[in-house]
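Here the structure is laid out as structure tokens; the discussion comes afterwards.
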Amino acid sequence: MDTPPLSESDSESDACLASDQELQDAFSRGLLKPGLNVVLEKPKKAVNDVSGLKQCLAEFRRDLEWVERLDVTLGPVPEVSETQPTPQNQDQKKGVNPEDDFQREMSFYRQAQAAVLAVLPRLHQLQVPTKRPTDYFAEMAKSDQQMQKIRQKLQTKQAAMEKSEKAKQLRALRKYGKKVQTEVLQKRQREKAHMMNAIKKYQKGFSDKLDFLEGDQKPVERSAKAGGKGQQMNKGPNAKRRYKNQKFGFGGKKKGSKWNTKESYDDVSSFRAKVAHGKGSRRPGKKGANKRPGKRARQKLKSKAR
């Protein structure tokens with residue numbers, strides 16, 4: 001029976017197994033150089049060397065005075081006695097609950113307070129000052145270069161905040177300016193519409209006021225009674241006619257101005273006999289200049305002389 005041909009994956013796996021076997025044989029014979037493989041050692045066993053530990057403790061232990069050590073081991077300061085014990089105090093006597101943040105921090109505070117109350121009299125006995133003098137100078141923990149970098153960073157941050165605030169103010173001013181401009185334009189449109197209405201009323205004779213020409217007239221609301229056509233003046237000429245008479249003057253009556261009246265007919269002070277009878281000087285070169293005018297012409301001359 002023929003065996004099926006090997007695929008590429010099968011051939012690669014056989015080659016890997018052969019190479020691993022060769023490496024193991026070479027390692028067992030010691031042919032491999034050091035550094036290629038790391039031999040794992042067995043974990044060390046823990047040994048409680050009491051004598052060695054005591055020797056190490058004796059080496060770094062130093063018998064110094066208390067002023068050099070300043071170590072204090074005390075419990076929390078006792079609380080002020082109360083008339084009746086509360087459940088909270090009973091719980092605190094039993095122990096501090098580590099899960100309660102407030103109770104835990106208060107225990108730290110009371111323990112530090114107890115240490116201060118016990119140590120201060122002892123320091124005073126040893127004549128150790130416990131307050132900082134007025135002329136005390138302490139060198140800063142950070143260098144001047146580091147502080148200069150921090151100062152520059154703070155200045156940069158402050159400048160950025162001022163720039164942002166200025167941009168906000170500019171945007172607010174732009175919005176306010178647009179709002180004011182819109183209000184001014186609307187006000188102008190209202191004034192223009194009011195002036196046009198006033199001009200129309202004046203032209204139609206509904207009003208005889210010309211205050212709107214001065215530009216300071218306040219808008220007057222038209223009431224229901226004062227806005228009708230019945231307010232038009234019927235006596236005398238209208239406001240337009242009066243304004244023109246005041247501006248250009250009154251020319252007088254035109255129609256029938258040449259008619260004779262009884263007074264003009266009786267007045268003969270301007271009569272000239274030579275002119276009336278054609279004896280006066282005449283313009284030469286005119287036809288009929290030497291002729292005597294007729295009755296109608298004499299009446300015209302008489303009326304003109306008057």
Side-chain angles (χ1 to χ4, degrees), residues 101 142 144-267 269-270 283 286 296-297 299-306:
D101 296 339
K142 295 184 179 180
D144 295 341
Q145 297 178 356
Q146 183 70 15
M147 294 303 297
Q148 189 69 19
K149 290 181 181 179
I150 294 173
R151 189 179 295 107
Q152 291 179 358
K153 187 174 181 180
L154 291 176
Q155 290 177 356
T156 305
K157 188 175 181 180
Q158 186 177 2
M161 292 176 63
E162 291 178 356
K163 188 176 180 181
S164 177
E165 189 68 22
K166 188 176 181 181
K168 290 181 181 179
Q169 292 179 359
L170 288 175
R171 286 194 294 268
L173 288 174
R174 288 195 191 99
K175 291 181 180 179
Y176 181 73
K178 289 181 180 179
K179 183 178 179 180
V180 172
Q181 185 178 6
T182 305
E183 292 179 355
V184 169
L185 293 176
Q186 292 178 356
K187 183 179 179 181
R188 288 179 182 176
Q189 291 177 357
R190 289 194 299 268
E191 290 179 354
K192 185 177 179 181
H194 177 71
M195 183 176 288
M196 295 301 295
N197 293 334
I199 291 173
K200 290 180 180 179
K201 291 179 184 179
Y202 181 80
Q203 289 177 349
K204 294 180 180 180
F206 295 151
S207 176
D208 58 345
K209 296 181 180 180
L210 299 174
D211 297 338
F212 61 89
L213 297 175
E214 299 177 0
D216 57 350
Q217 183 188 14
K218 296 181 180 179
V220 181
E221 296 182 358
R222 184 175 178 181
S223 60
K225 296 182 180 179
K229 294 185 179 180
Q231 298 294 330
Q232 187 176 4
M233 292 175 291
N234 297 325
K235 296 182 180 180
N238 57 12
K240 184 178 179 181
R241 180 73 265 168
R242 291 199 302 273
Y243 172 71
K244 288 188 175 181
N245 292 342
Q246 183 181 0
K247 184 176 181 181
F248 303 106
F250 182 69
K253 188 178 180 180
K254 299 295 186 296
K255 186 176 180 181
S257 60
K258 297 182 179 180
W259 291 355
N260 288 330
T261 59
K262 186 176 184 301
E263 290 79 7
S264 64
Y265 182 78
D266 294 337
D267 187 11
S269 59
S270 61
R283 295 176 62 187
K286 292 289 185 180
R296 190 179 296 275
Q299 290 180 356
K300 289 183 179 180
L301 291 173
K302 186 177 181 181
S303 62
K304 287 181 179 181
R306 292 176 181 175

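The residues of the chain are indexed from 1 along the displayed sequence. What you are looking at is a predicted structure, and each value in this text was computed from that prediction instead of being measured.
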Would Arg242 and Gln246 satisfy side-chain contact (heavy atoms from CB on, under 4.5 Å), going step by step from the backbone distance to the final call?
CA-CA 6 Å; Arg242 291 199 302 273; Gln246 183 181 0; over 6 Å; no
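With values rounded to the nearest 0.5 angstrom, Lys200 atom NZ is found 6.5 Å from Asn197 atom CG. The NZ atom of Lys192 sits 10.5 Å away from atom CE of Met195, with the distance rounded to the nearest 0.5 Å.
Two residues are said to be in side-chain contact when any heavy atoms from C-beta on lie closer than 4.5 Å; Lys187 and Arg190 meet this criterion.
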Which donor-acceptor pairs under 3.5 Å do the side chains of residues 145-163 make with protein atoms, sequence neighbours left out?
{"from": "Gln148", "atom 1": "OE1", "to": "Arg151", "atom 2": "NH1", "distance (Å)": "2.7"}
{"from": "Thr156", "atom 1": "OG1", "to": "Gln152", "atom 2": "O", "distance (Å)": "2.8"}

Expected list for residues 171-185: side-chain donor-acceptor pairs under 3.5 angstrom, two or more places apart:
{"from": "Thr182", "atom 1": "OG1", "to": "Lys178", "atom 2": "O", "distance (Å)": "2.8"}

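Contact between Thr261 and Ser264 at its shortest, heavy atoms only, is N-OG, 2.7 Å.
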